[in-house]
Amino acid sequence: MSNSEWKETQENAEELLNTYTDQEAEEHAKEVGVDPRPNETISEIDDRGAFIRQPNAFIQPFGDKEGDLKAEANRYSIYWAVGCNWSNRPVIVRDLLGLQNVIKDQLTTHSGETNKYGHGFGDQPGHKDAATGAYFLSEFYKRANPDFAGRATTPTFVDIIEKKAVNNDYHRLTNYLEVQFRPFQPKDAPDLYPKKFRKEIDEFNDWLFPHVNNGHYRMAFCQSPEAYDEAYEDFYESLDKLEKRLETNRFLFGDYITDSDVRAYVTLVRWDVSYYHNIGPVKKPIKDYKNIWGYLRELNAIPAFHNNSNAKTLALDGIRKSKKLFRGYNERILTKVDFDALWADDGERRKLSKTPDEVFLRHPENETYEDYAGEISKSIWNSPNWEDRNPKNGVLSVDASINPLKGLL
């Protein structure tokens, strides 16, 4: 999208959003029977003041067993938000795998002026979802489970035929796209989740979640200095490990992009332009990590990454021109930055790979779905017990600075 197109889209969306009042949202909520969005800084804080993120509510897997969700074309839509790192993941993976004509997507916005009812469709005509007529994401949750009382979150896979939520498990959603939706992918689609190495990828992803992906939120939502310091040190120690790992590996597991690279990218791409607002003093900007910075720029050059989660959009999203004397850094400075030049890939990381011109592992020509399919592992981060979701449980059998698949992938 060009700068002028992006500006026009933003202006049109802002005009619609500016007319979406809390009163209107209240009327819609009463009409469809949804409750106000719970506040995570109250309901998801433990006795130490630490943020312990709620488990995902809809975790029924896609698979081949009886009772599993079945992969189908034109039945599901990904409901996501530009600013949500969790929801950028499945859209990136969908595009990498060539599934755009199989799985639709719909962006969400705030509802009303204060977002009292959570994700809505404020930039759509009538402030409702064109495909289903819903005013709020939480309607799909209530339709699937009338007793649901948590936060409706993005991403959510919605069955647009039955108009209900079927899965919001961002811990495993991309894996379902990679495996169960394999029959709908081009034969030579990238293999982001090689069957031979899923154990190592899953273990690393379940380390990334508390230490990196959720690191910002652990700092931004916690309610005590002790919890903040713990999250702060944990995040920057983890970045040091990734920096060391990427010194000798083009991507996290070697020469080819995997599911893990999508997860790392969507968090780190927004740190210097978005996340920093909420965490206080920044120990070190991402661009000062030589290896991470080069790694992010190379990924950003790939259309699926750039189109669905890029620094410029994240930096400028939601900016409202202000007449105040003291205006925010993003409004004063980042609106004038040449992001294309800043984020240009210099090609240096190609030297780390034995296949410099190919960043994806490809499926073998004679591979069948049965060869590739397999049950996707469960994640501890969906446990109903708070203690199970304590970040201390995000451990690895091999230190994160070391690639256990060096030379194998």
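As the structure is a computational prediction, the values presented were derived from the model and not from experiment. Count residues from 1 along the sequence.
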Donor-acceptor pair, side chain of [X] and main chain of [Y], under 3.5 angstrom:
{"X": "D399", "Y": "I402", "result": "no"}
{"X": "D46", "Y": "R48", "result": "yes"}
{"X": "Q124", "Y": "F121", "result": "no"}
{"X": "D22", "Y": "E113", "result": "yes"}
{"X": "N115", "Y": "G120", "result": "no"}
{"X": "R198", "Y": "Y193", "result": "yes"}
{"X": "S138", "Y": "Y141", "result": "no"}
{"X": "H211", "Y": "G394", "result": "yes"}
{"X": "E367", "Y": "Y372", "result": "no"}

side-chain hydrogen bond (donor to acceptor under 3.5 Å, both in side chains) assessment of Y76 paired with N167: CA-CA 10 Å; Y76 306 105; N167 193 291; over 6 Å; no

Test of ring centre spacing under 6.0 Å for [X] and [Y]:
{"X": "H127", "Y": "Y135", "answer": "no"}
{"X": "F157", "Y": "F62", "answer": "yes"}
{"X": "F209", "Y": "H171", "answer": "yes"}
{"X": "Y275", "Y": "W271", "answer": "yes"}
{"X": "Y265", "Y": "F305", "answer": "yes"}

Distance alone, cut at 3.5 Å: any donor-acceptor contact between the side chains of [X] and [Y]?
{"X": "S397", "Y": "E203", "answer": "yes"}
{"X": "N382", "Y": "S379", "answer": "no"}
{"X": "Y217", "Y": "N278", "answer": "no"}
{"X": "T109", "Y": "D123", "answer": "no"}
{"X": "D64", "Y": "Y369", "answer": "yes"}
{"X": "E247", "Y": "N291", "answer": "no"}
{"X": "Y117", "Y": "E26", "answer": "yes"}
{"X": "N307", "Y": "D95", "answer": "no"}
{"X": "N330", "Y": "Y276", "answer": "yes"}
{"X": "S309", "Y": "R270", "answer": "yes"}

Among T174, N213, T267, side-chain hydrogen bond (donor to acceptor under 3.5 Å, both in side chains) partner for R89: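 When T174, N213, T267 are each tested with R89, the side-chain hydrogen bond (donor to acceptor under 3.5 Å, both in side chains) holds only for N213.
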
side-chain hydrogen bond (donor to acceptor under 3.5 Å, both in side chains) between N168 and T156, worked out: CA-CA 4 Å; N168 74 328; T156 296; 4.9 Å; no

Residues K378, E375; criterion salt bridge (Lys or Arg N to Asp or Glu O under 4.0 Å); working and verdict: CA-CA 9 Å; K378 294 183 178 180; E375 188 175 357; over 6 Å; no

Within 45° cone and under 6.0 Å: R349 NZ/CZ vs F251 ring: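 Here R349 fails the 6.0 Å and 45° test against F251.
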
F181 six-ring face occupied by R94 cation (under 6.0 Å, within 45°):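 Checked: cation-pi criterion not met.
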
Answer yes or no: is there an ion pair linking [X] with [Y], defined by an N-O contact shorter than 4.0 Å?
{"X": "D240", "Y": "K244", "value": "no"}
{"X": "E233", "Y": "K283", "value": "yes"}
{"X": "K142", "Y": "D35", "value": "yes"}
{"X": "E72", "Y": "K70", "value": "no"}
{"X": "D159", "Y": "R75", "value": "yes"}

Heavy-atom check, side chain of Y170 versus side chain of P90, under 4.5 Å: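 Result no, sub-4.5 Å side-chain heavy-atom pair not found.
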
Any side-chain heavy-atom pair of W343 and V269 under 4.5 Å: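 Touching, per the 4.5 Å side-chain cut-off.
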
Verdict with reasoning, D371 to K195, per salt bridge (Lys or Arg N to Asp or Glu O under 4.0 Å): CA-CA 9 Å; D371 292 334; K195 189 172 185 177; over 6 Å; no

Steps toward side chain to side chain contact (heavy atoms under 4.5 Å, CB included) verdict (I78, K104): CA-CA 6 Å; I78 305 169; K104 298 177 173 60; over 6 Å; no

Residue among Y79, F148, F58 satisfying ring pair (Phe, Tyr, Trp, His ring centres under 6.0 Å) with F140: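 Among Y79, F148, F58, the one that satisfies the ring pair (Phe, Tyr, Trp, His ring centres under 6.0 Å) with F140 is Y79.
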
Audit row: N308, N88, side-chain hydrogen bond (donor to acceptor under 3.5 Å, both in side chains) steps and yes/no: CA-CA 6 Å; N308 296 304; N88 294 170; over 6 Å; no

Atom pair CZ (R250) and OG (S353), whose distance is rounded to the nearest 0.5 Å: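 Reported to 0.5 Å precision, the distance equals 4.5 Å.
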
Derivation and outcome, ring pair (Phe, Tyr, Trp, His ring centres under 6.0 Å), residues F136 and H119: CA-CA 6 Å; F136 308 101; H119 295 284; over 10 Å; no

Full working for salt bridge (Lys or Arg N to Asp or Glu O under 4.0 Å) between E358 and R350: CA-CA 9 Å; E358 178 57 86; R350 292 163 54 88; over 6 Å; no

Worked verdict on E44 versus R151 for salt bridge (Lys or Arg N to Asp or Glu O under 4.0 Å): CA-CA 11 Å; E44 296 168 52; R151 288 186 294 112; 2.7 Å; yes

